[in-house]
Amino acid sequence: MKYQSLAITIICIAVLFIAIDSSSFLQNHIMRIGGGIKIFVLDSKDAIALKYNQYINQAHTIKKYQEKLKDYDQLELELKNVRNEIDALSLFDTQQTFYRDAQFLPARAYLYVGMGNYNRVWIDFDTSHYPEGRLFGIVQDGKALGIAIVKDRKLVGLLNGEKQSSYSVFIGDEKIPAIIHYNSLSPENIVADFIPSWKEIHIGDQVFTSGLDGIFIKGVLVGEVVSVSHDYGYITAQVKPYAKNFDLDYIWLVDTKVPSQTLPQDKTPF
């Protein structure tokens, strides 16, 4: 019985081949089917290869533009510093300190120091060449984000709104001097304080770093004045910062190369 089934199968296959061989119609039909299958396989293979290459090229392109953007940010800061030097030289401004050796160092904020405090972050940066208490300015997207300090060989970011984040600024076109620090009454803003009472501050005035503290270079945007008050012989301005503390990643550290820019041990944030 087993051999009978095998014999029938062989006979059927033989008949099929004879029919195909003797019929050009069947030959053409089968060749068309086989050709269609082959084209489908080849087209599928090409489509997969194209998608793969597009993905690889897209990944390379994204990486290339990320590198270009990173270089652009650094060049923008360097250009701002050079412009400050040219302005100071052309005006013979002996009151304005400028720093030829300022460096702009890439770093990354990767973790909040404590739960619920979004104004302190750990920064991934090699501090082995810097003394304890060394201060840096932090810039993100061209805006002043706060300061950073070397503590126990690690770098801690003290962002705008942190109690110990303070640096000098100018306000408005007249470059009115002030000191930025945290705002206990309105956490979403920061305070520009110790403004001379005879000066005029207006809502909408832009606030930018002065560079006189050796932490930042001059001209990095900080924020915009949203309210003004007078108190104890000084003017105080509420400032809405441009930089945001909630979308942290890659940042720039401003190293002005001024050796005295360290925070005393009893003033460190821990």
Side-chain angles (χ1 to χ4, degrees), residues 66 69-70 73-74 76-77 104-127 130 132-169 171 178-194 203 205-210 213 215-217 219-227 229 236-256 261-270:
Q66 284 176 336
L69 181 61
K70 181 179 176 181
D73 288 342
Q74 183 174 11
E76 187 178 30
L77 288 170
F104 309 100
L105 309 169
R108 189 173 191 175
Y110 66 94
L111 185 69
Y112 291 113
V113 173
M115 294 294 293
N117 185 350
Y118 302 116
N119 297 325
R120 290 189 185 190
V121 293
W122 292 114
I123 297 174
D124 183 17
F125 181 72
D126 181 11
T127 62
Y130 297 94
E132 187 80 357
R134 185 69 167 88
L135 295 176
F136 301 86
I138 305 177
V139 177
Q140 187 179 51
D141 299 328
K143 313 297 190 301
L145 185 61
I147 65 174
I149 179 174
V150 177
K151 177 63 178 176
D152 296 331
R153 298 185 180 180
K154 295 185 290 185
L155 194 63
V156 183
L158 308 177
L159 309 183
N160 293 330
E162 168 61 31
K163 291 182 179 180
Q164 291 179 299
S165 179
S166 181
Y167 49 92
S168 66
V169 296
I171 302 176
I179 302 296
I180 285 291
H181 61 83
Y182 86 108
N183 188 344
S184 59
L185 299 178
S186 181
E188 69 275 11
N189 295 329
I190 51 180
V191 171
D193 215 345
F194 304 109
I203 293 175
D205 282 349
Q206 281 200 328
V207 181
F208 52 94
T209 58
S210 69
D213 50 15
I215 300 174
F216 284 97
I217 61 169
V220 180
L221 289 175
V222 176
E224 181 179 307
V225 174
V226 294
S227 68
S229 61
T236 298
Q238 299 282 330
V239 177
K240 185 176 183 61
Y242 291 135
K244 304 302 179 185
N245 297 6
F246 304 109
D247 187 21
L248 302 179
D249 196 4
Y250 289 102
I251 57 176
W252 290 101
L253 299 176
V254 180
D255 181 6
T256 60
Q261 298 312 305
T262 57
L263 201 64
Q265 293 299 310
D266 59 342
K267 298 296 185 180
T268 52
F270 296 99

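All of these numbers come straight from a predicted model, not from anything done at the bench.
Atom-to-atom distance recorded for Lys143:NZ and Lys244:NZ is 10.5 Å, nearest 0.5 angstrom. Rounded to the nearest 0.5 Å, atoms CG (Leu159) and CD1 (Ile190) are 11.0 Å apart. Taken from CD1 in Ile217 to OG1 in Thr209, the straight-line distance is 6.5 Å, to the nearest 0.5 Å. Note that the CH2 atom of Trp252 and the CG atom of Asp141 stand 11.5 Å from one another [nearest 0.5 Å]. Atom CD1 of Ile147 sits about 9.5 Å away from atom CG of Asn160, to the nearest 0.5 Å. The distance from atom OH of Tyr182 to atom OG of Ser166, rounded to the nearest 0.5 Å, is 11.5 Å.
Proximity of a side-chain donor or acceptor of Ser165 to a complementary backbone N or O of Leu158 within less than 3.5 Å is detected. At distances below 3.5 Å, not a single donor-acceptor pair connects side-chain atoms of Ser168 with backbone N or O atoms of Ile179. At least one donor-acceptor pair closer than 3.5 Å links the side chain of Glu132 to the backbone N or O of Asp152.
More than 12 heavy atoms of other residues, nucleotides or ligands sit less than 6.0 Å from atom OH of Tyr130. The neighbour count for Lys163 NZ, taken as heavy atoms of other residues, nucleotides or ligands under 6.0 Å away, does not exceed 12.
Applying the side-chain contact (heavy atoms from CB on, under 4.5 Å) criterion to Thr127, with sequence neighbours excluded, gives Phe125, Val150, Arg153, Leu155. Residues passing the ring pair (Phe, Tyr, Trp, His ring centres under 6.0 Å) test with Tyr118, sequence neighbours excluded: Tyr112, Phe246. Contacts of Gln206 classified as side-chain contact (heavy atoms from CB on, under 4.5 Å), with partners at least two apart in sequence or in another chain: Leu221, Tyr242. By the ring pair (Phe, Tyr, Trp, His ring centres under 6.0 Å) test, Tyr250 pairs with no residue at all, sequence neighbours left out. Under the rule for a side-chain contact (heavy atoms from CB on, under 4.5 Å), the partners of Asp126 that lie at least two apart in sequence or sit in another chain are Ser128, His129. Residues that satisfy the ring pair (Phe, Tyr, Trp, His ring centres under 6.0 Å) test with Tyr110, not counting sequence neighbours, are absent from this structure.
Summarising the geometry of Pro241 relative to Asn189, their closest heavy-atom pair is CD-CA, 4.0 Å, with the distance given to 0.1 Å. Annotation for Ala144 and Val222: closest pair CB-CG2, 3.9 Å, computed over non-hydrogen atoms.
Residues Tyr167 and Leu135 form no side-chain contact, since every pair of their non-hydrogen atoms from C-beta on lies 4.5 Å or further apart. Under the 4.5 Å side-chain criterion, counting only non-hydrogen atoms from C-beta, Ile149 is not in contact with Arg134. Contact annotation: the side chain of Val191 approaches that of Gln238 to within less than 4.5 Å [non-hydrogen atoms, C-beta and beyond]. Between Val113 and Trp122, the closest side-chain pair of non-hydrogen atoms falls below 4.5 Å.
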The test is side-chain contact (heavy atoms from CB on, under 4.5 Å); show your working for Phe104 and Val139 and say whether it passes.
CA-CA 9 Å; Phe104 309 100; Val139 177; over 6 Å; no
Step by step, work out the side-chain contact (heavy atoms from CB on, under 4.5 Å) result for Arg108 and Asp249.
CA-CA 5 Å; Arg108 189 173 191 175; Asp249 196 4; 2.6 Å; yes
Walk me through it: do Val239 and Val169 pass the test side-chain contact (heavy atoms from CB on, under 4.5 Å)?
CA-CA 11 Å; Val239 177; Val169 296; over 6 Å; no
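Of the options Asp124, Val121, Ile123, a side-chain contact (heavy atoms from CB on, under 4.5 Å) to Ile251 is made by Ile123 and by none of the others.
For Asn245 and Asn119, the side-chain atoms include at least one donor-acceptor pair closer than 3.5 Å.
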